[in-house]
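See below for the structure under consideration.
Proteins get letters first, then strands, A, B, ... in listed order; numbering begins at 1 in each. Values below: every heavy atom of this structure, side chains too, minus hydrogens, waters and symmetry copies.
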Amino acid sequence: MAFKKERGIHELYDEDPEKADALLWGRKANPVTRRGFLKGSGLAAMSAAVGAYIPYAQNMPAGLIPAAFADELEDFEIEGKEGLRVLNDRPVNAETKAHYLDDDITPAKRHFIRNNGLLPEMAEDMDPNGWTLTVDGEVNNELELTLEDLKNNNKFTHVTYQLQIECAGNGRADFSPSPRGNQWSNGAIGCSEWTGVPLKEVLNAAGLKSDAVYTANYGLDPHLSRDPDQVSISRGVPIAKAMEEHSIIAFQQNGEDINPWNGFPVRLIHPGWPGSTSHKWLSRIWIRDQEHDGPGMTGLSYRVPSYPSYPGEDVDHDDMVVIHSMPVKSILTRPENNQETPLHRTLRVRGKAWAGDLEVSKVELSIDYGETWQEVRLQDPVNRYAWQVFEADIRFPQKGYYEVFARATDTEGNRQPLTVPGWNPRGYLNNRADRIAVRVT
Amino acid sequence: MSHLHRMLSTRAMFLGIVLGAALSGHVGASEEGEVRDGLQPGPNQDLVVQNCTACHSGRPIAQAELTRSQWDDVIDWMQEQHGMWELEPETRDKILEYLEEVQGIPDR
């Protein structure tokens, strides 16, 4: 029953946000500014529901579901993990709750889970015995590497980087109508410290032929049907991305065996691109002379329209282009959503920002629904493709309910929007500014 | 109860009352039927459970809103790429009826 009610408010807003506003709060938007003016009984109703007076109510955009209501599904335990919100149990998909992402380096137990298939036996048993990596296709020498080969630093260089991995569908829950796919809110992102071998070295050991164009990754995770001839997902990247310094074959996460849910014993990482290119439980890289067309590469998968499509549009598959770099994004990790804070003290606000192949140059916060912004302290990434920590101490003008928004700008001047960006058939690339509710008492 | 706890319970109650009034007659709320493996109640729900939750739970279905024709494409995709079995035309129709009514948006 609680499930139905909580779905109810999102359904109402999905279908017609302005009607939902009118229905629930008696709020009508100013037709020019699209800001909702919330007056009289409507203001009283929303204030009662969030439990506080709302300064800046006149700036609140029409159709915005108050952040105070955005949370809560029942808790679910996954072994070896904490702080995750489970979206599905078959296949297992779980995002990290924002306030569990406050560590500079994401602990393995807090890294999000994105499965297309089932957990491989090797990962269930945490026993890598018998694992091999095949490299074949457009190469001069086919390779079959063992874990010992990879871990042998006479054969290969070992590198350790903090690398952000983000699901292409992070933020999908904001799109309306609701596109197919996991309804991530903002927690399909993590930045652990990964140790492994540069993919470039392995590909050079195999020797790429001149017609090598694309990689094609395969892994050990069984298809949901358990049919051994079915592949749960197989994507790849252009050779140039594969040969980047930070594209690595990883065998350790934060100095230990990789968490079974995050790819034990070995995974690929292509940081800054959709997480689906960072193949877990890696077993084979096939080098191809054409763009790969495995499950997850074609049709609408991990593609966006080449033009702005309208919500719900049937976009022709020929008009869909493969996603490469992810866009600039950020998340507020402290305080937790809905925290109380006293008026007479500053509030320490913290978060993380990242920008696909690029870096973040600026992060700003707003406490008045985007009317005014203040730039905050932003750290450099410890290495390319690590996320960047930002923090600020902010003051509030009076008691009441506020929403703190964060927006990042990357080194090419791209800035996160305040509204949900263009709808696309599979709900990718929502990099709208994050926000948390704060009650000043 | 702590102040915050009391505030949140009052809020939950209030929200319940407001939503109850707003939702009745608005969303197609079923009086009968229950959520099964994440699937909302609706006509032919049992056929959907039988044919569509052998591999994945009902949640991927319950979390999407598509036109009938887009749902039809999804079934094709399940059959072409993910090993789903053939459906009798009548069964497929009944499954699409559920999807259209419970997880459907109008064709624009």
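- Both the backbone and the side chain of A:Pro295 come within contact range of chain B, with heavy atoms under 4.5 Å apart.
- In this structure A:Gln183 satisfies the side-chain hydrogen bond (donor to acceptor under 3.5 Å, both in side chains) test together with A:Ser178, sequence neighbours excluded.
- We find the OG-CD distance between A:Ser301 and B:Gln81 to be 7.0 Å, quoted to the nearest 0.5 Å.
- The nearest pair of heavy atoms linking A:Arg90 to B:Thr53 is NH2-O, 2.9 Å.
- Heavy atoms closer than 4.5 Å to chain B are found in the side chain of A:Thr298, but not in its backbone.
- Of the atoms belonging to A:Asn88, heavy atoms from both backbone and side chain fall under 4.5 Å from chain B.
- Only the side chain of B:Ser69 has a heavy atom closer than 4.5 Å to any heavy atom of chain A.
- Considering every non-hydrogen atom in both B:Val74 and A:Arg180, the closest pair reads CG2-NE, 3.4 Å.
- Applying the side-chain hydrogen bond (donor to acceptor under 3.5 Å, both in side chains) criterion to A:Ser185, with sequence neighbours excluded, gives A:Glu95.
- Closest heavy-atom contact between B:His82 and A:Val231: CE1-O, 4.4 Å.
- The side-chain contact (heavy atoms from CB on, under 4.5 Å) with B:Arg59 is formed by just one residue from the set A:Val86, A:Asn93, A:Asp89, A:Leu87; it is A:Asp89.
- Contact annotation for A:Pro311: both backbone and side-chain heavy atoms come within less than 4.5 Å of a heavy atom of chain B.
- Rounding to the nearest 0.5 angstrom, the gap separating the SG atom in B:Cys55 from the CZ atom in A:Arg226 is 10.0 Å.
- Judged purely by distance below 3.5 Å, without hydrogens or angles, the side chains of B:Gln63 and A:Asn182 never pair a donor atom with an acceptor atom.
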